[in-house]
There are 2 protein chains.
Amino acid sequence: MDRKPDEATEAAWIGLSRAQRVATASIEARLKAAGLPPLSWYDALWELERAGDAGLRPFELERALLFEQYNLSRLADRLEKAGLVERRAVEADRRGQMIAITPAGRDLRRRMWAVYAPAIQAAVGDRLSAGEAATLAALLKKLV
Amino acid sequence: MDRKPDEATEAAWIGLSRAQRVATASIEARLKAAGLPPLSWYDALWELERAGDAGLRPFELERALLFEQYNLSRLADRLEKAGLVERRAVEADRRGQMIAITPAGRDLRRRMWAVYAPAIQAAVGDRLSAGEAATLAALLKKLV
DNA sequence: TGAAAATAAATGCAGATGCATTGAATGTCA
DNA sequence: TGACATTCAATGCATCTGCATTTATTTTCA
């Protein structure tokens with residue numbers, strides 16, 4: 001490894017940056033226009049909702065979201081302050097905690113999805129055929 | 001428009017976020033490890049180098065980089081303070097200015113590329129065939 | 001012409017992020 | 001066992017970003 005990228009690789013990298021920036025900006029703009037919090041809140045709430053009532057350990061959520069440890073710690077602070085999650089002590093490991101979504105968290109996640117879903121459709125779905133979207137998803141998966 | 005995304009669309013969107021995050025993190029980490037500034041500096045310096053000695057108007061650079069106006073203004077401050085660019089008054093429009101790269105800026109851009117290029121190769125090139133990279137680039141272009 | 005609108009760029013302030021470190025608890029193993 | 005290393009999570013500080021507003025200039029058009 002560690003040579004220079006060829007043209008296609010460079011184009012793919014630049015495209016990745018720009019496409020992500022454009023799509024994210026348009027989706028975030030819709031959320032903001034609807035008076036809703038940013039995507040990172042959605043991602044966290046969704047992981048927690050899928051995790052069920054027991055919740056997740058911060059380090060699990062951190063890995064699921066590809067967040068830095070300190071960023072997750074602070075996101076959890078904000079979510080907790082907003083009443084969307086609660087932190088619970090975990091008896092098996094007194095260093096740790098569980099973060100669990102609250103009913104208010106579930107409700108907000110649902111309301112965010114009502115805006116987020118059409119925003120994804122506008123930013124991605126409307127610009128690709130079904131086959132193209134599937135191909136794109138498969139190729140992007142190889143980068144993770 | 002404005003319905004719900006189908007599965008492939010959603011997978012493409014999630015893949016876009018995650019792939020971009022993973023690739024960017026690994027590339028930024030290499031730059032940092034080499035004691036070099038972040039990607040945004042590279043992008044700006046490269047645009048300015050391509051623009052030639054006359055430089056670019058801030059609003060031109062802003063559009064080329066998909067930067068917010070205030071972010072570009074501050075990035076320019078930092079680049080200027082580091083001696084990598086210079087701001088020049090423009091006689092035709094006294095509201096405006098030209099931002100031009102300096103020799104030190106060119107030199108830094110070159111040194112950054114020496115790290116950036118292999119980082120792109122590792123994060124993208126090594127994970128895709130040439131054909132896949134080309135396909136990915138083409139699909140991502142449709143999103144911008 | 002000259003008042004109102006538009007454009008270029010900077011900035012004050014609040015909030016978010018990155019970095020390094022800390023505090024607390026748990027794990028390891030001679 | 002008990003010293004040392006590791007893991008979990010929080011935090012102080014500096015930097016960066018987002019938002020709204022400001023200053024200066026140019027454009028528009030009645």
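Chain letters run A, B, ... following the sequence lines, proteins first and then strands; every chain starts at 1. Just so it is clear, the values below take in all heavy atoms, side chains as well, and ignore hydrogens, waters and symmetry mates.
Interface residues of residues 46-61 of chain A facing DNA chain D, ordered by number: Arg57(A), Pro58(A), Phe59(A); criterion, heavy-atom separation under 4.0 Å. Contacts between residues 16-23 of chain A and DNA chain D, defined by a heavy-atom separation under 4.0 Å, are absent.
Between Asn71(A) and dA16(C), a side-chain N or O to OP1/OP2 separation shorter than 4.0 Å is absent. A close approach under 4.0 Å does occur between a side-chain nitrogen or oxygen of Arg87(B) and OP1 or OP2 of dA10(C).
Distance NZ (Lys32(A)) to P (dA16(C)): 11 Å, rounded to an integer number of Å. Asp77(B) has its CG atom 11 Å from the P atom of dG12(C), to the nearest Å. For Glu80(B) and dA9(C), the CD to P distance is 13 Å, given to the nearest whole Å. Atom pair Leu39(A):CG and dT17(C):P shows a separation of 12 Å (rounding to whole Å applied). One can place CH2 of Trp41(A) at 12 Å from C1' of dG15(C), the figure rounded to the nearest angstrom. Here dA10(C) presents its P atom at 13 Å from CZ of Arg78(B), a figure rounded to the nearest Å. The nearest whole Å value for the distance from the CD atom in Gln69(A) to the P atom in dT17(C) is 14 Å.
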Quiz prompt | Candidate pair Tyr42(A) and Leu36(A), rule side-chain contact (heavy atoms from CB on, under 4.5 Å), full reasoning | solution = CA-CA 10 Å; Tyr42(A) 183 89; Leu36(A) 293 168; over 6 Å; no
Quiz item: Given Arg111(B) and Arg109(B), is the side-chain contact (heavy atoms from CB on, under 4.5 Å) satisfied, shown in steps?
Solution: CA-CA 5 Å; Arg111(B) 287 186 290 119; Arg109(B) 194 209 56 82; over 6 Å; no
Practice problem: Before giving the answer on side-chain contact (heavy atoms from CB on, under 4.5 Å), spell out for Gln121(A) and Lys4(B) the whole-Å C-alpha distance, their side-chain angles and the decisive distance to 0.1 Å. | Solution: CA-CA 6 Å; Gln121(A) 181 59 26; Lys4(B) 304 234 152 166; over 6 Å; no
Practice problem: Could you please spell out the steps behind the side-chain contact (heavy atoms from CB on, under 4.5 Å) verdict for Thr135(B) and Leu136(A)? | Solution: CA-CA 8 Å; Thr135(B) 301; Leu136(A) 178 57; over 6 Å; no
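Atom-to-atom distance recorded for Glu132(A):CD and Arg127(A):CZ is 12.5 Å, nearest 0.5 angstrom. In this structure, Leu39(B) CG and Met112(B) CE are separated by 6.5 Å, a value rounded to the nearest 0.5 Å. Annotation: the span from Leu48(A) atom CG to Leu61(A) atom CG amounts to 5.0 Å, rounded to 0.5 Å.
Between Ile99(A) and Ala76(A), the shortest heavy-atom distance links the atoms CD1-CB, 3.9 Å.
Between the side chain of Gln97(B) and the base of dA9(C), no donor-acceptor pair under 3.5 Å is found.
The outermost nucleotides of DNA chain D lying under 4.0 Å from heavy atoms of chain B, listed 5' to 3', are dC16(D) to dT26(D).
Of the candidates dG18(C), dG12(C), dA10(C), dG12(C) carries the atom nearest the Arg74(B) side chain, counting heavy atoms from C-beta on.
Asp93(A) comes within contact range of the sugar-phosphate backbone alone, with a heavy-atom separation under 4.0 Å but no base atom that close.
When the nearest nucleotides of DNA chain C are assigned to Phe67(A) and Glu91(A) by heavy-atom distance, the more 5′-ward of the two goes with Phe67(A).
Under the 3.5 Å distance criterion, the side-chain polar atoms of Glu60(A) are matched with a main-chain donor or acceptor of Arg57(A).
Judged by distance alone, the side chains of Gln20(B) and Thr24(B) do bring a donor and an acceptor atom under 3.5 Å apart. For the 3.5 Å distance criterion, the side chains of Trp46(A) and Tyr116(A) fail to qualify, holding no donor opposite an acceptor.
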